[in-house]
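The next block holds one structure in the form of structure tokens; read it before the comments.
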Amino acid sequence: QVQLVESGGGLVQPGGSLRLSCAVSGMRSEFNAMAWYRQPPGKQREFVARISALDTIEYLDSVKGRFTISRDGDKNMVYLQMNSLESEDTAVYFCNAPSYHTWGQGTQVTVAS
């Protein structure tokens with residue numbers, strides 16, 4: 001059974017940084033596509049970043065140059081480094097394993113002064 005557990009969310013001021021972590025179990029993250037999504041308050045869930053099994057990376061246009069998705073195969077972890085955070089980045093962030101149709105429980109990120 002594949003499980004994803006996010007952590008690292010919190011309250012940060014505009015311009016600040018956070019690193020989200022996704023602990024993966026039940027499958028090897030380095031051999032599968034992994035993704036991050038987010039759901040802003042009152043809005044639908046949206047794609048943020050994706051890393052393919054071959055390490056091809058894609059980003060939502062509004063986070064390009066600010067967010068970085070990465071993974072550590074030894075630890076079976078996926079990360080989302082978020083820099084220069086803006087109030088529009090406030091959302092619940094979810095880790096996703098597309099091939100397994102699996103989501104984590106989400107971690108709240110709030111960007112406010």
Side-chain angles (χ1 to χ4, degrees):
Q1 181 181 0
V2 176
Q3 289 189 323
L4 308 174
V5 178
E6 302 95 335
S7 61
L11 173 63
V12 63
Q13 292 186 342
S17 298
L18 281 175
R19 188 178 81 155
L20 305 184
S21 300
C22 175
V24 181
S25 60
M27 61 93 160
R28 300 302 305 174
S29 61
E30 73 260 47
F31 300 136
N32 291 276
M34 299 296 300
W36 286 95
Y37 284 72
R38 67 186 182 187
Q39 187 164 14
K43 297 183 179 180
Q44 291 189 333
R45 193 172 298 188
E46 64 180 3
F47 165 81
V48 176
R50 178 181 185 271
I51 182 167
S52 76
L54 300 179
D55 289 339
T56 300
I57 292 176
E58 303 169 78
Y59 293 103
L60 176 69
D61 282 347
S62 63
V63 309
K64 286 180 181 176
R66 301 189 297 122
F67 290 13
T68 303
I69 187 171
S70 63
R71 58 186 163 199
D72 184 329
D74 290 340
K75 295 180 180 179
N76 211 15
M77 298 284 291
V78 181
Y79 304 100
L80 185 67
Q81 177 67 44
M82 306 186 296
N83 299 328
S84 302
L85 283 161
E86 304 168 353
S87 57
E88 291 77 14
D89 297 316
T90 294
V92 179
Y93 284 72
F94 297 89
C95 185
N96 171 248
S99 297
Y100 291 85
H101 309 289
T102 300
W103 296 86
Q105 83 289 350
T107 186
Q108 176 70 48
V109 172
T110 302
V111 184
S113 55

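The residues of the chain are indexed from 1 along the displayed sequence.
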Worksheet item: Is there a side chain to side chain contact (heavy atoms under 4.5 Å, CB included) between Gln81 and Phe67 once you walk through the steps?
Response: CA-CA 5 Å; Gln81 177 67 44; Phe67 290 13; over 6 Å; no

Discussion item. Under the criterion side chain to side chain contact (heavy atoms under 4.5 Å, CB included), I'd like the reasoning laid out for Val5 against Gln105: C-alpha separation, chi angles, the key distance, then a yes or no.
Written reply: CA-CA 7 Å; Val5 178; Gln105 83 289 350; 4.2 Å; yes

Which atoms form the tightest heavy-atom contact between [X] and [Y], and what is the distance?
X	Y	answer
Ile69	Met34	CD1-O, 3.9 Å
Leu80	Ala49	CD1-CB, 4.2 Å
Val2	Thr102	O-CG2, 3.7 Å
Val24	Ser29	CG2-CB, 4.0 Å
Glu6	Gly106	OE1-N, 2.9 Å
Asp61	Lys64	OD1-NZ, 3.0 Å

Worksheet item: Would you say the side-chain atoms of Asn83 and Ser17 include a donor-acceptor pair closer than 3.5 Å?
Response: yes

Worksheet item: Side-chain donor-acceptor pair under 3.5 Å between Tyr79 and Arg19, yes or no?
Response: no

Worksheet item: Can you list the steps and then say if Glu30 with Asp55 is a side chain to side chain contact (heavy atoms under 4.5 Å, CB included)?
Response: CA-CA 9 Å; Glu30 73 260 47; Asp55 289 339; over 6 Å; no

Discussion item. For the backbone of Arg28 and the side chain of Asn32, can you confirm whether one donor and one acceptor N or O come within less than 3.5 Å of each other?
Written reply: yes

Worksheet item: Any sub-3.5 Å donor-acceptor pair from Asn76's side-chain atoms to Gly26's backbone N or O?
Response: no

Discussion item. For a 4.5 angstrom cut-off between non-hydrogen side-chain atoms, does Cys95 reach Trp103?
Written reply: no

Discussion item. Within the 4.5 Å heavy-atom criterion, are Glu86 and Val111 side-chain neighbours or not?
Written reply: no

Fill in: Working for side chain to side chain contact (heavy atoms under 4.5 Å, CB included), residues Val109 and Asp89
CA-CA 8 Å; Val109 172; Asp89 297 316; 5.5 Å; no

Fill in: Within 45° cone of Tyr37 ring axis and under 6.0 Å: Arg45 NZ or CZ
no

Can you tell me how far the [atom1] atom of [X] sits from the [atom2] atom of [Y], to the nearest 0.5 Å?
X	Y	atom1	atom2	answer
Phe94	Cys22	CZ	SG	12.0 Å
Thr90	Leu11	OG1	CG	8.5 Å
Arg38	Thr107	CZ	OG1	14.0 Å
Thr68	Tyr59	OG1	OH	4.5 Å
Met77	Arg71	CE	CZ	13.5 Å
Ile57	Ser70	CD1	OG	8.0 Å

Worksheet entry | Arg50 and Glu58 ion-paired at < 4.0 Å | yes

